[in-house]
Amino acid sequence: MNRKIVIRNEEKSDRCKVEQLTRRAFYNIYVPGCSEHYLVHIMRDHEDFIPQLDFVLELDGEIIGNIMYTKAKLTDENGFEKTILTFGPVCIAPEYQRKGYGKMLIRHSLDRAVKLGYDTVVIFGNPFNYVSCGFKSCKRYHIRMDGQYPTAMLVKELVPDVLDGRKWSYASSPVMTIDEKEAQAYDDSLEKMEKKVLPQQEAFFIMSHSSIQ
């Protein structure tokens, strides 16, 4: 059976559904509970948010995926600052994961990012999920954060060789720094979901706190 797939910009009427989807996709994955839906909730009003790169994926008229972008910054050794992109959260409803829909969202949004004039994307995630979309270790592009090459920090040049071998430091948008108490209060205001301690949370902790030498 052929299924109808539509990728389009998020509309105001989609916001509640997207937050619910994000919560369901991330709950208990990285920590007991999650805060990604709170980030989605506050991100849209921040000056670094890019509405043109906020997409939902519909399958037969149902929203099953979302990706959102904000501006970030690279600074070279001479103090030159370069505006770049980061995306996240990117989510697919649990029952549709590992079927290629996430890659569709990423590739569609990256094509649009190029048309908007952006040339570099830096993200944080499990390399297993992103290398097939052309992301590489930050060390290959000499991009550090706090003097380290985090294992989970991945880079994709949208324009070949645009980073030209210089040494860079990465800084994300302030919106990415979440107040955990506010995030918890927001989660508590929603329909209750059971928080669980799961083995993969420790794997995420190891990945997110490790760096490449």
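Since the structure is predicted, the reported quantities are computational estimates derived from the model, not experimental observations. In this chain, numbering begins with 1 at the start of the sequence shown.
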Check your understanding: With a cutoff of under 4.5 Å between side-chain heavy atoms, which Ile, Leu, Val, Met, Phe, Trp and Tyr residues group with Tyr27?
Key ->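 Same cluster as Tyr27: Met193.
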**Study point:** Side chains of Ile50 and Leu85 in contact at under 4.5 Å (non-hydrogen atoms)
**Key:**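 A side-chain contact exists here, since the closest heavy-atom pair is under 4.5 Å.
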Exercise for review: Evaluate side-chain contact (heavy atoms from CB on, under 4.5 Å) for Glu77 paired with Arg166, printing each intermediate quantity in order.
Suggested key: CA-CA 8 Å; Glu77 293 177 297; Arg166 279 182 276 176; over 6 Å; no
Practice item. Only counting residues at least two apart or in another chain, list the ones meeting side chain to side chain contact (heavy atoms under 4.5 Å, CB included) with Lys115. Key: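 Side chain to side chain contact (heavy atoms under 4.5 Å, CB included) check on Lys115 returns nothing, list empty.
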Exercise for review: Assign the ring pair Phe87 / Tyr130 to parallel, tilted or perpendicular, where the plane angle (0 to 90°) is split at 30° and 60°.
Suggested key: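 It falls in the tilted class, 30° to 60°.
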Exercise for review: Supply the atom-to-atom distance Asp14 CG to Glu19 CD, rounded to the nearest 0.5 angstrom.
Suggested key: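 Going from CG on Asp14 over to CD on Glu19, the span is 11.0 Å.
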Check your understanding: Members other than Tyr149 in its cluster, when Ile, Leu, Val, Met, Phe, Trp, Tyr link by side-chain heavy atoms under 4.5 Å?
Key ->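 In the cluster with Tyr149 are Ile212.
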Practice item. Compare all side-chain heavy atoms of Leu158 with those of Thr120 and state whether any distance is below 4.5 angstrom. Key: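 They are not in contact (no side-chain heavy atoms under 4.5 Å apart), so the answer is no.
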Practice item. Answer with yes or no whether the hydrophobic clustering places Val90 together with Val175; edges join I, L, V, M, F, W, Y residues whose side-chain heavy atoms lie under 4.5 Å apart. Key: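 Different clusters.
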Check your understanding: What residues form a salt bridge (charged side-chain N to carboxylate O under 4.0 Å, His left out) with Arg107, not counting sequence neighbours?
Key ->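 Counting only residues at least two positions away or on another chain, Arg107 forms no salt bridge (charged side-chain N to carboxylate O under 4.0 Å, His left out).
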Check your understanding: Going by side-chain heavy atoms closer than 4.5 Å, which hydrophobic residues are tied to Ile143, directly or by a chain of links?
Key ->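 Result for Ile143 is Leu74, Phe80, Ile84, Val122, Phe124, Tyr141, Met145, Met153, Val155, Val159, Val162, Leu163, Trp168, Tyr170.
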Check your understanding: Do Glu62 and Lys17 sit within salt-bridge range, that is, some charged N less than 4.0 Å from a carboxylate O?
Key ->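 Answer for the salt bridge query: no.
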Review point. Which pairs count as side-chain hydrogen bond (donor to acceptor under 3.5 Å, both in side chains) when at least one residue sits in residues 29-38, sequence neighbours excluded?
Key: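 Matches after skipping sequence neighbours: His37-Asp187, Tyr38-Glu182.
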Review point. What pairs meet the side-chain hydrogen bond (donor to acceptor under 3.5 Å, both in side chains) rule with one or both residues in residues 45-59, with sequence neighbours excluded?
Key: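 Listed by first then second residue: Arg8-Glu58, Asp48-Ser173, Asp54-Asn66.
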Point to revise | Worked verdict on Lys82 versus Asp119 for salt bridge (Lys or Arg N to Asp or Glu O under 4.0 Å) | key: CA-CA 10 Å; Lys82 177 181 180 63; Asp119 58 31; 2.9 Å; yes
Review point. Is a side-chain N or O of Asn28 found less than 3.5 angstrom from the main chain of Glu194, in a donor-acceptor match?
Key: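 Looks like yes, one N/O pair under 3.5 Å.
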Exercise for review: Say whether Phe204 and Val131 are linked into one hydrophobic cluster, either directly or through other cluster members, by side-chain heavy-atom distances under 4.5 angstrom.
Suggested key: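 No, Phe204 does not connect to Val131 through the hydrophobic network.
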Review point. Transitively linked via ILVMFWY side-chain contacts under 4.5 Å: Val56 with Ile7?
Key: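 Val56 and Ile7: separate clusters.
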Review point. Do Ser109 and Tyr69 get their side chains close enough for a donor-acceptor pair, meaning under 3.5 Å?
Key: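 Result is yes, a qualifying pair exists.
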Exercise for review: Please answer: with hydrophobic residues joined when any side-chain heavy atoms are less than 4.5 Å apart, are Val18 and Ile64 in the same cluster?
Suggested key: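 No, because Val18 and Ile64 fall into different hydrophobic clusters, even though each may have its own neighbours under 4.5 Å.
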Distance-only criterion, 3.5 Å: show the donor-acceptor pairs between side-chain atoms of residues 98-106 and protein atoms not counting sequence neighbours.
unit_1	atom_1	unit_2	atom_2	d
Arg98	NH1	Asn129	OD1	3.1
Arg98	NH2	Asn129	OD1	3.2
Lys103	NZ	Ser132	OG	3.1

Point to revise | Residues which pass ring pair (Phe, Tyr, Trp, His ring centres under 6.0 Å) with His41, listed by chain and number, not counting sequence neighbours | key: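 Only Tyr186 meet the ring pair (Phe, Tyr, Trp, His ring centres under 6.0 Å) criterion with His41.
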Exercise for review: Return the minimal non-hydrogen interatomic distance between Leu154 and Pro127, and the atom names on each side.
Suggested key: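 Closest approach of Leu154 to Pro127, heavy atoms only: CD1-CA, 3.8 Å.
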Review point. Below 4.5 Å, heavy atoms only, C-beta onward: do Pro89 and Val40 meet side chain to side chain?
Key: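 Yes, at least one pair of side-chain atoms sits under 4.5 Å.
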Check your understanding: Does anything in residues 197-213 pair up under side-chain hydrogen bond (donor to acceptor under 3.5 Å, both in side chains), and if so which pairs, sequence neighbours excluded?
Key ->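 Passing the test, one end in residues 197-213: Gln148-Ser211, Thr151-Ser210, Ser211-Gln213.
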**Study point:** Set of residues satisfying ring pair (Phe, Tyr, Trp, His ring centres under 6.0 Å) with respect to Tyr118, sequence neighbours excluded
**Key:**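 Partners of Tyr118 under the ring pair (Phe, Tyr, Trp, His ring centres under 6.0 Å) test: none.
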Check your understanding: Would you find a donor on one side and an acceptor on the other, under 3.5 Å apart, between the side chain of Asp164 and the backbone of Asp161?
Key ->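 It does not hold such a pair.
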Exercise for review: Check step by step if salt bridge (Lys or Arg N to Asp or Glu O under 4.0 Å) holds for Glu157 and Lys136.
Suggested key: CA-CA 9 Å; Glu157 288 183 320; Lys136 298 180 180 180; over 6 Å; no
Review point. Less than 4.0 Å between a side-chain N and a carboxylate O, is that true for Arg24 and Glu95?
Key: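 Arg24 and Glu95: salt-bridged.
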Check your understanding: Roughly how far apart are Leu21 CG and Ile92 CD1, rounded to 0.5 Å?
Key ->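 If I round to the nearest 0.5 Å, the distance is 7.5 Å.
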Practice item. Applying side chain to side chain contact (heavy atoms under 4.5 Å, CB included), name anything that partners Lys4, two or more places apart in sequence or on another chain. Key: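 Testing Lys4 for side chain to side chain contact (heavy atoms under 4.5 Å, CB included), a comparison that skips the adjacent residues, returns Val6, Asp60.
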**Study point:** Within one Ile-Leu-Val-Met-Phe-Trp-Tyr cluster: Met68 and Phe55, side-chain cutoff 4.5 Å
**Key:**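 No, no single cluster joins them.
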Practice item. Return the minimal non-hydrogen interatomic distance between Ala183 and Ile178, and the atom names on each side. Key: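 Result for this residue pair: CB-CG2, 3.8 Å.
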Review point. Heavy-atom distance under 4.5 Å between the side chains of Arg144 and Lys167, does that happen here?
Key: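 SC-SC contact between Arg144 and Lys167 ruled out.
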Point to revise | Taking every non-hydrogen atom, the tightest pair across Cys91 and Ala25 | key: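 Closest approach of Cys91 to Ala25: CB-CB, 3.8 Å.
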Point to revise | Asp146 atom CG: more than 12 heavy-atom contacts under 6.0 Å | key: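 Counting neighbours around CG of Asp146, 12 or fewer heavy atoms of other residues, nucleotides or ligands fall under 6.0 Å, so no.
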Check your understanding: Tell me, do Leu57 and Ile5 make a side-chain contact under 4.5 Å, heavy atoms counted?
Key ->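 Side-chain contact under 4.5 Å: yes.
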Check your understanding: Can you check whether Gln20 reaches Glu191 side chain to side chain, under 4.5 Å on heavy atoms?
Key ->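 When only atoms from C-beta onward are counted, Glu191 and Gln20 do not touch, as no gap falls below 4.5 Å.
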